[in-house]
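The block underneath contains the structure these notes are about, expressed in structure tokens.
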Amino acid sequence: MSSYNTEFQLNIEELKTIEDSMIYRIKRLTTRRLTVKKDSSKEKIDIEVKHIQELLGKIHNQKEWWRPKNKVYISG
């Protein structure tokens, strides 16, 4: 029985493309939600948006953020 690949090799540009695609999907879903009439459809949209937000959070939390070690760091 084969096992799942648990390690993926993605470069920064590929990861950014994935994040941008998920953000685009959230925007499309939230726009669509404004016009949907059925509550069950709204619930499905809400579930998908939540799932995507959780995935984006996991990616964010796994990033190693760089900051200079020998200078005062000012964000933004």
Side-chain angles (χ1 to χ4, degrees):
M1 181 174 167
S2 62
S3 62
Y4 293 107
N5 180 12
T6 59
E7 293 187 30
F8 296 90
Q9 300 296 317
L10 300 170
N11 65 37
I12 299 295
E13 292 82 20
E14 293 166 333
L15 193 55
K16 174 104 172 81
T17 299
I18 292 168
E19 289 176 303
D20 290 346
S21 298
M22 288 191 289
I23 291 167
Y24 177 78
R25 178 69 178 156
I26 287 175
K27 288 178 183 178
R28 294 287 306 255
L29 286 167
T30 53
T31 300
R32 184 167 169 245
R33 191 183 188 287
L34 297 172
T35 61
V36 170
K37 303 285 186 218
K38 292 173 40 176
D39 285 339
S40 62
S41 296
K42 289 179 182 180
E43 288 173 17
K44 287 179 184 177
I45 290 171
D46 292 344
I47 289 168
E48 186 174 348
V49 167
K50 182 180 177 193
H51 180 71
I52 294 170
Q53 288 172 329
E54 288 171 353
L55 287 173
L56 285 168
K58 284 182 179 181
I59 290 171
H60 175 84
N61 292 337
Q62 291 181 48
K63 289 181 180 178
E64 292 186 21
W65 300 95
W66 180 86
R67 64 176 54 185
K69 295 186 189 308
N70 57 355
K71 294 195 254 183
V72 175
Y73 177 74
I74 300 173
S75 162

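Source: prediction; values computed, not measured.
The local environment of NZ in Lys42 is crowded, with over 12 non-hydrogen atoms from other residues, nucleotides or ligands closer than 6.0 Å. Residue Leu34 places its CG atom among more than 12 non-hydrogen atoms of other residues, nucleotides or ligands, all under 6.0 Å distant.
Here Asp20 pairs with Lys16 under the side chain to side chain donor-acceptor pair (under 3.5 Å) rule; sequence neighbours left out. With sequence neighbours excluded, no residue satisfies salt bridge (charged side-chain N to carboxylate O under 4.0 Å, His left out) with Asp39. With sequence neighbours excluded, the residues satisfying side chain to side chain donor-acceptor pair (under 3.5 Å) with Lys63 are Glu19.
Ile18 contributes atom CD1, which lies 12.0 Å from atom CD1 of Ile23 (distance to the nearest 0.5 angstrom). For the atom pair OG1 of Thr17 and CG of Asn11, the computed distance is 8.5 Å after rounding to the nearest 0.5 Å.
Identified under the salt bridge (Lys or Arg N to Asp or Glu O under 4.0 Å) test for residues 22-36, with sequence neighbours left out: Arg25-Glu48, Arg33-Asp46. Listed by first and then second residue, the ring-ring contact (aromatic ring centres under 6.0 Å, His included) pairs involving residues 21-63 are His60-Trp65 (not counting sequence neighbours). Within the structure, no pair that satisfies the salt bridge (Lys or Arg N to Asp or Glu O under 4.0 Å) test touches residues 4-15, not counting sequence neighbours.
Annotation: side chain of Ile26 is in contact with side chain of Leu56 (closest heavy-atom distance under 4.5 Å).
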Requested in this report: Could you go through the side-chain contact (heavy atoms from CB on, under 4.5 Å) check for Ile52 and Leu29 one step at a time?
Outcome: CA-CA 11 Å; Ile52 294 170; Leu29 286 167; 4.2 Å; yes

